[in-house]
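Down below is the structure, laid out as structure tokens.
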Amino acid sequence: MEDPKRSSLSSLQPTHDLEIAVRAVQMACSLCHKVQDSWVSKSGAVVQSKDDNSPVTVADWSVQATVSWILSESFGSSNVSIVAEEDIQNLSKAKAAGMLKAVVKTVNDCLAEAPRFGLQGPKKTLGTTEVLEAISRCNSTGGPTGRFWALDPVDGTLGFVRGDQYAIALALIEDGEVVLGVLGCPNYPMRREWLNYHHRYHRIISKLTPRTSESWDKGCVLYARRGSGEAWMQPLLHVNKRFLWSNSAKLVQVSSIDNPSLATFCEPVEKANSSHSFTAGLAHSVGLRKQPLRVYSMVKYAAIARGDAEIFMKFAKAGYKEKIWDHAAGVVIIQEAGGVVSDARGCPLDFSKGIYLEGLDRGVIASAGADLHDKIIRAVDASWDSSSL
């Protein structure tokens with residue numbers, strides 16, 4: 001929820017790292033909007049399947065190339081190390097020539113708008129080799145020492161393809177600790193109740209509702225820096241507008257609800273890597289009475305930070321390993337907004353073990369407050385042995 005006493009204050013004074021990250025994610029959101037509106041709705045050719053059968057789109061590769069290029073130009077390529085989801089293996093195949101051409105065009109179209117976001121664009125159009133290099137430069141494996149960025153170019157690609165919720169997540173990790181996080185949620189509605197509807201339905205209804213070009217009906221970028229005690233939310237940049245810090249940012253805080261019967265809990269939409277049956281039983285035992293809010297991607301973290309929900313639970317099925325880019329940005333944003341994130345034993349998530357959250361105990365729990373969090377953890381302990389996970 002927004003803090004009415006503090007939302008008018010100047011936003012978090014950014015470090016250079018944070019400001020560049022926010023501007024880059026704003027650009028990425030703009031890129032995704034254009035791809036989703038103009039291509040995904042018209043052609044399946046912008047979607048491919050990776051080796052694990054998960055979808056990958058023009059937007060995934062284009063955002064990774066764009067953010068990689070911006071970070072390298074802003075800080076120097078020798079100073080930038082990035083852990084990211086995509087590689088160029090499938091994109092480099094002969095059968096992907098059409099996809100690669102679309103990615104190169106999308107990246108250049110986006111970078112041409114860099115000055116509008118207060119960033120320096122390329123002096124000339126990037127060629128295919130340069131775009132592929134920007135994508136493949138994201139080859140860090142993380143670890144316990146040093147400094148690296150963790151990027152999920154399109155978290156919730158299935159939601160993106162379906163015209164629903166997705167996120168762009170960027171975090172900076174230093175010596176195993178997340179020091180800043182930026183989360184772009186291009187389709188996140190500003191009215192909480194719209195979260196319960198498919199985004200395409202929202203688009204149909206919103207066309208029937210008169211609005212001004214300056215209205216802020218959906219889309220936001222949340223960000224936080226560790227230790228600041230603040231999390232902020234900006235609207236997406238309107239077309240033809242120039243980005244000026246802090247872009248009408250508002251302070252956000254987690255909900256004050258600590259009664260489970262009044263709390264809303266989030267869980268993933270897909271059942272492939274999360275057990276809905278276990279979370280349903282857990283919700284009943286804790287006293288959660290509301291229907292779960294099933295949302296794609298790290299938008300669930302945004303919902304907790306904004307106060308639109310109180311609990312996020314994810315308990316992966318055996319064999320599934322959580323990746324750091326799926327959590328890093330969201331964790332620091334919730335924590336600075338006043339919430340709590342841990343594994344099912346109450347231990348902090350460990351971002352120092354490489355690309356996976358190694359040592360994760362059973363699942364991930366995020367809550368608006370310590371009391372709710374403790375109740376969930378106790379319920380997990382009481383019911384885990386009877387689960388099939």
Side-chain angles (χ1 to χ4, degrees), residues 24-25 27-68 82-91 93 96 98-100 102-103 106-107 110 131 134-136 138 150-171 182-188 195 198-200 203 218-219 221 266-274 294-303 314 316 320-330 355-356:
V25 171
M27 280 187 66
C29 289
S30 175
L31 182 160
C32 287
H33 258 320
K34 291 175 182 177
V35 172
Q36 192 176 56
D37 288 344
S38 66
W39 288 350
V40 170
S41 60
K42 298 176 183 177
S43 170
V46 296
V47 184
Q48 288 189 356
S49 293
K50 293 189 280 190
D51 292 340
D52 62 358
N53 292 322
S54 62
V56 61
T57 71
V58 165
D60 293 84
W61 280 307
S62 298
V63 168
Q64 185 160 315
T66 298
V67 173
S68 171
I82 306 173
V83 176
E85 182 167 14
E86 308 305 337
D87 58 38
I88 63 171
Q89 182 178 350
N90 290 327
L91 191 59
K93 295 177 180 177
M99 175 75 84
L100 177 56
V103 169
T106 303
V107 170
C110 183
V131 171
I135 297 171
S136 59
C138 304
L151 169 67
D152 195 338
V154 178
D155 182 44
T157 300
L158 195 55
F160 176 83
V161 170
R162 292 175 175 175
D164 210 296
Q165 298 299 326
Y166 64 98
I168 297 99
L170 182 62
V182 184
L183 196 56
C185 306
N187 286 342
Y188 196 127
L195 270 176
H198 191 283
H199 177 62
R200 282 178 179 163
R203 286 196 294 183
K218 69 180 176 67
V221 173
C266 301
E267 64 180 354
V269 175
E270 296 300 311
K271 298 179 181 179
N273 58 8
S274 183
R294 289 178 179 157
V295 183
Y296 291 102
S297 80
M298 263 192 278
V299 165
K300 294 180 283 291
Y301 278 108
K314 182 181 180 184
Y320 182 83
K321 298 177 73 173
E322 299 287 349
K323 301 176 183 69
I324 62 172
W325 53 69
D326 287 325
H327 299 278
I355 66 171
Y356 296 107

Check your understanding: Taking side chain as C-beta onward, heavy atoms only, is Met27 less than 4.5 Å from Val63?
Key -> no
Side chains of residues 323-330: which donor-acceptor pairs under 3.5 Å do they make with residues two or more places apart or in other chains?
{"from": "His327", "atom 1": "ND1", "to": "Tyr301", "atom 2": "OH", "distance (Å)": "2.7"}
{"from": "His327", "atom 1": "NE2", "to": "Glu322", "atom 2": "OE1", "distance (Å)": "2.8"}

Review point. Measuring from Asn187:CG to Tyr296:OH, what's the distance to the nearest 0.5 Å?
Key: 12.5 Å
Review point. Can you check whether Pro186 reaches Ile168 side chain to side chain, under 4.5 Å on heavy atoms?
Key: yes
Review point. Under 4.5 Å between any side-chain heavy atoms of Leu31 and Thr66, yes or no?
Key: yes
Review point. So do Val221 and Cys29 actually touch side chain to side chain, heavy atoms under 4.5 Å?
Key: yes
Study note, to complete from the structure: Taken to the nearest 0.5 Å, the spacing of Ser297 OG from Asp155 CG works out to 5.0 Å
**Study point:** Value rounded to 0.5 Å, distance of CG in Leu183 from CG in Asp152
**Key:** 10.0 Å
Exercise for review: Return the set of residues passing side-chain hydrogen bond (donor to acceptor under 3.5 Å, both in side chains) with Thr157 (not counting sequence neighbours), or none when no residue passes.
Suggested key: Asp60
Point to revise | Main-chain N/O of Pro153 paired to Glu85 side chain as donor or acceptor, under 3.5 Å | key: no
Study note, to complete from the structure: Closest non-hydrogen atoms of Phe160 and Val154, given as atom of the first, atom of the second and distance, are CB-CG1, 3.9 Å
Exercise for review: Say whether, by atom type as modelled, one donor and one acceptor occur between the side chain of Gln64 and the main chain of Glu86 under 3.5 angstrom.
Suggested key: yes
Check your understanding: Which distance, rounded to the nearest 0.5 Å, do you find between the NZ of Lys300 and the CE of Met298?
Key -> 9.0 Å
Revision key, fill the gap. Between the OG atom in Ser136 and the CG atom in Leu91, the distance rounded to the nearest 0.5 Å is 10.5 Å
**Study point:** Qualifying residue for side chain to side chain contact (heavy atoms under 4.5 Å, CB included) with Leu151, from Val25, Val67, Val182, Val83
**Key:** Val67
Revision key, fill the gap. Rounded to the nearest 0.5 Å, the CE atom of Met99 sits from the NZ atom of Lys93 at a distance of 12.5 Å
